[in-house]
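In what follows, a structure is listed as structure tokens, so that the remarks can point back to it.
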Amino acid sequence: MFSEIKILLHQGKQYIPDVTTVEVPGIFRGRPVISNAETDIGGLVSLCPTGAISSAPVSIDLGKCVFCGECQRAFPSKISFTKDYKIASGSREGLIVREGQDTPIVINAQNVRNEISKYFGKSLKLRQVSAAGDNSCEWELNAAGNVNFDMGRFGIEFVASPRHANGIVITGPISKNMAEPLQICYDAIPHPKIIILAGTDAISGGIYAGSPALDRSFLNKYQIDLYVPGNPVHPLTFINGLLGLIAKKPAG
Ligand code: SF4
């Protein structure tokens with residue numbers, strides 16, 4: 001018994017008591033802040049490997065950003081990344097961070113479909129499809145369910161079959177080879193169902209955007225309920241995004 005107690009003392013508390021307020025240790029790039037400082041805008045825009053930075057006004061599209069940090073390294077007075085991991089949005093437009101903006105990214109409950117909080121507020125089962133993913137986002141999504149992040153405490157879990165799922169989580173840029181399996185999986189999920197894009201590759205194609213090896217036509221057919229940026233997605237970003245999506249709508 002003493003050896004068990006020793007192990008418990010050694011390991012400490014493994015779970016994160018509050019995943020909505022915990023601070024991320026170490027290096028982590030979350031929501032960027034773009035200052036109003038004068039700079040070489042052309043140089044800034046052209047250094048981004050995925051075309052995530054635009055000018056007039058200067059903005060960063062988190063759906064394209066691979067969080068490489070090059071812009072911050074080259075233009076530290078202009079770009080800085082905070083550790084704010086709550087960067088998921090219910091709309092594509094919500095992923096655009098503009099010059100001078102330093103406010104949290106929030107999921108507007110009024111824009112979330114009524115059936116999502118009505119049916120999935122206390123239990124949400126998800127089927128994950130890696131559509132040519134590189135296993136980085138998939139790895140982090142697995143971590144969301146581990147003892148540290150414990151997504152299951154909110155009734156949110158990944159399930160083995162689309163027939164048991166309420167929605168689909170897509171990772172990867174969606175290759176031609178994965179277009180049909182993705183469609184089959186989506187069709188097998190009973191209504192009502194939700195679609196979540198997890199990671200830069202899924203949201204925009206990332207560094208593979210425009211490749212002839214991709215077939216992203218699936219995304220043109222359906223409404224996307226949640227965009228979760230990251231390269232890869234952080235478990236805290238994923239969990240907080242889901243909590244924002246299934247939150248009860250304010251009355252009125
Ligand atoms: S951190 Fe994002 S915005 Fe900055 S250069 Fe890299 S991909 Fe572009």
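Start at 1 and go down the list; that is how both ligands and their atoms are numbered.
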Check your understanding: To the nearest 0.1 Å, how far is atom 1 (S) of ligand 1 from its closest protein heavy atom, and which atom is that?
Key -> Gly69 N, 3.2 Å
Review point. Looking only at side chains, do Asp187 and Gln183 share a donor and an acceptor under 3.5 Å apart?
Key: yes
Point to revise | Residues Phe149, Tyr15; criterion ring pair (Phe, Tyr, Trp, His ring centres under 6.0 Å); working and verdict | key: CA-CA 6 Å; Phe149 298 103; Tyr15 78 102; over 10 Å; no
**Study point:** Cation-aromatic face contact Lys125/Phe158, 6.0 Å, 45 degrees
**Key:** no
Which pairs of donor and acceptor atoms, one on a side chain in residues 229-239, lie under 3.5 Å apart (sequence neighbours left out)?
unit_1, atom_1, unit_2, atom_2, d
Asn231, ND2, Val66, O, 3.4
His234, ND1, Leu236, N, 3.0
Thr237, OG1, Tyr85, O, 2.9

Check your understanding: Ring centroid separation for Phe28 and Phe81, is it under 6.0 angstrom?
Key -> no
Check your understanding: In terms of atom number and element, which parts of ligand 1 are under 4.0 angstrom from non-hydrogen atoms of Phe81?
Key -> 1 (S)
Using distance only, find each side-chain donor-acceptor pair of residues 204-213 under 3.5 Å and give its atom names and separation, not counting sequence neighbours.
unit_1, atom_1, unit_2, atom_2, d
Ser204, OG, Gly63, O, 2.7
Ser204, OG, Thr200, O, 3.2
Ser204, OG, Gly206, N, 3.1
Ser211, OG, Ala213, N, 3.0

Check your understanding: Which protein atoms of type N, O or S are found under 2.8 Å from atom 8 (Fe) of ligand 1?
Key -> Cys48 SG
Point to revise | With Phe75 via ring pair (Phe, Tyr, Trp, His ring centres under 6.0 Å) - residues at least two apart | key: none
Revision key, fill the gap. At under 4.0 Å between heavy atoms, what of Phe67 touches ligand 1? The answer is backbone
